[in-house]
Peer 1: 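My questions will all concern the structure given below.
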Amino acid sequence: MKIEETPIPGLLVLEPKRFGDARGFFSESWNQATLEAAGITYDFVQDNHSMSATVGTLRGLHMQTPPHAQTKLVRCGRGRLFDVAVDIRKGSPTYGKWFGVELSFGNGKQLMIPTGFLHGFITREVDTEICYKCTDTYAPDCDRSVRFDDPEIGIDWGLETNPVLSSKDEAAPLLAEINNPFTFEG
Ligand SMILES: Cc1cn([C@H]2C[C@H](O)[C@@H](COP(=O)(O)OP(=O)(O)O[C@H]3O[C@H](C)C(=O)[C@H](O)[C@H]3O)O2)c(=O)[nH]c1=O
């Protein structure tokens, strides 16, 4: 397992080992003991899996508020996507800073996104599938969205055309307009 820091402390890029042979490969996409040995201790309670048929499908920016805030371990099971996390912990030295990484079936990379971050992605191939583990269950009353193109955040999605969005994401507010419950705890 390779573990890479990012410019935002706590946000990590993981790359599990792949054992290749004539059939293809085998990989432990998640092993709690492996992560705990690296000091990464999260208890995941829900696995999510979504498929986006069209290139340029953008899902986000989303998070759940306490008491159901979620840490997410995100990977791409099929295709290719650009995964983005935004630090929205008030008082954080990297508040408002975003980080993106290409996750794909080919590179096997994963993004570990702690609570206090917005999450979103845009697909770069047709029929792209994202699989991610969460440390809390779905809580619609705690589900929040922020506009993907919020100028205060300034994410470069590499857009060549208008993205495919859900009506919820079309109507999402700006970060400054939401009641943000997250504060930086060092
Ligand atoms: C998130 C979620 C959704 N749903 C239901 C609710 C809706 O009827 C349907 C689609 O939900 P939504 O449009 O919110 O799905 P996405 O736009 O992919 O949202 C997700 O995308 C971003 C990138 C995330 O990180 C979040 O996990 C999540 O917000 O699935 C559930 O039943 N359980 C769930 O955990």
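Keep in mind that what you see is a predicted model, and the values were worked out from it rather than measured. One-based numbering, in listed order, for ligands and for the atoms of each.
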Peer 1: Could you tell me the residue and atom name of the protein heavy atom closest to atom 27 (O) of ligand 1, and the distance to it rounded to 0.1 Å?
Peer 2: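 Here the nearest protein heavy atom works out to Y132 OH, 2.7 Å.
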
Peer 1: Verify whether the ring centers belonging to F105 and F25 lie closer than 6.0 Å.
Peer 2: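 Yes; F25 has its ring centre under 6.0 Å from that of F105.
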
Peer 1: With no hydrogens and no angle check, do the side chains of S29 and S27 hold a donor and an acceptor under 3.5 Å apart?
Peer 2: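 The criterion, which ignores hydrogens and geometry beyond distance, is not satisfied for S27 and S29.
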
Peer 1: What is the nearest protein non-hydrogen atom to atom 21 (O) of ligand 1, stated with its residue, atom name and distance?
Peer 2: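 Ranked first by proximity to atom 21 (O) of ligand 1 is H62 ND1, 3.2 Å.
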
Peer 1: Please answer whether the main-chain N or O of A139 pairs with a side-chain N or O of Q64 as donor and acceptor at a distance below 3.5 Å.
Peer 2: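 It does hold such a pair.
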
Peer 1: With no hydrogens and no angle check, just 3.5 Å: does a side-chain donor-acceptor pair link T183 and R89?
Peer 2: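 Side-chain D/A pair, T183 to R89: absent.
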
Peer 1: What protein heavy atom sits nearest atom 35 (O) of ligand 1, and how far away is it?
Peer 2: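 In this structure, atom 35 (O) of ligand 1 has Q46 NE2, 3.0 Å as its nearest protein heavy atom.
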
Peer 1: Would you verify that at least one protein heavy atom lies under 4.0 Å from atom 10 (C) of ligand 1, or report that none does?
Peer 2: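 Neighbour list for atom 10 (C) of ligand 1 is empty of protein heavy atoms (cut-off 4.0 Å).
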
Peer 1: For atom 14 (O) of ligand 1, what's the nearest protein heavy-atom neighbour? Residue, atom name and distance, please.
Peer 2: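 Looking at atom 14 (O) of ligand 1, the protein heavy atom closest to it is K168 NZ, 2.8 Å.
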
Peer 1: Could you tell me whether ligand 1 has any atom less than 4.0 Å away from a heavy atom of M63?
Peer 2: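 No, M63 has no heavy atoms under 4.0 Å from ligand 1.
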
Peer 1: Report yes if the side chains of I40 and M112 come closer than 4.5 Å at any heavy-atom pair, otherwise no.
Peer 2: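 Yes, at least one pair of side-chain atoms sits under 4.5 Å.
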
Peer 1: What is the distance from atom SG of C142 to atom CD of Q70, rounded to the nearest 0.5 Å?
Peer 2: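 Answer for the SG-CD pair, C142 versus Q70, is 9.5 Å.
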
Peer 1: Please lay out, stage by stage, how D47 and K133 fare under the test salt bridge (charged side-chain N to carboxylate O under 4.0 Å, His left out).
Peer 2: CA-CA 4 Å; D47 263 358; K133 310 181 86 68; 2.9 Å; yes

Peer 1: To check your reading of the model: name the closest protein heavy atom to atom 7 (C) of ligand 1, its residue, and the distance in Å.
Peer 2: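 In this structure, atom 7 (C) of ligand 1 has Y138 OH, 4.6 Å as its nearest protein heavy atom.
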
Peer 1: Atom 4 (N) of ligand 1: protein heavy atom closer than 4.0 Å?
Peer 2: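 There is a protein heavy atom less than 4.0 Å from atom 4 (N) of ligand 1.
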
Peer 1: Can you check whether a protein heavy atom sits less than 4.0 angstrom from atom 19 (O) of ligand 1?
Peer 2: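 Yes; the ligand atom in question has protein heavy-atom contact below 4.0 Å.
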
Peer 1: Does atom 29 (O) of ligand 1 have a protein non-hydrogen atom under 4.0 Å from it?
Peer 2: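 Yes, because at least one protein heavy atom sits under 4.0 Å from atom 29 (O) of ligand 1.
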
Peer 1: Please collect all side-chain hydrogen bond (donor to acceptor under 3.5 Å, both in side chains) contacts where either partner lies in residues 115-124, sequence neighbours excluded, each pair once.
Peer 2: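 Residue pairs passing side-chain hydrogen bond (donor to acceptor under 3.5 Å, both in side chains), neighbours aside: D83-H119, E102-R124.
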
Peer 1: Regarding ligand 1, does K72 bring an N or O atom to under 3.5 Å of one of the ligand's N or O atoms?
Peer 2: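 K72 vs ligand 1: N/O contact under 3.5 Å present.
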
Peer 1: Among all protein heavy atoms, pick out the one at the shortest distance from atom 16 (P) of ligand 1; state its residue, atom name and that distance to 0.1 Å.
Peer 2: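 Atom 16 (P) of ligand 1 sits closest to the protein heavy atom R59 NH1, 3.8 Å.
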
Peer 1: So that I can tick it off, tell me whether K168 and D143 are bridged by a salt bridge, with the cut-off set at under 4.0 angstrom between side-chain N and carboxylate O.
Peer 2: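 The answer is yes: the pair qualifies as a salt bridge.
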
Peer 1: Short list, please: which atoms of ligand 1 are under 4.0 Å from a heavy atom of H119?
Peer 2: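 Heavy-atom distances to H119 below 4.0 Å select 23 (C), 24 (C), 25 (O).
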
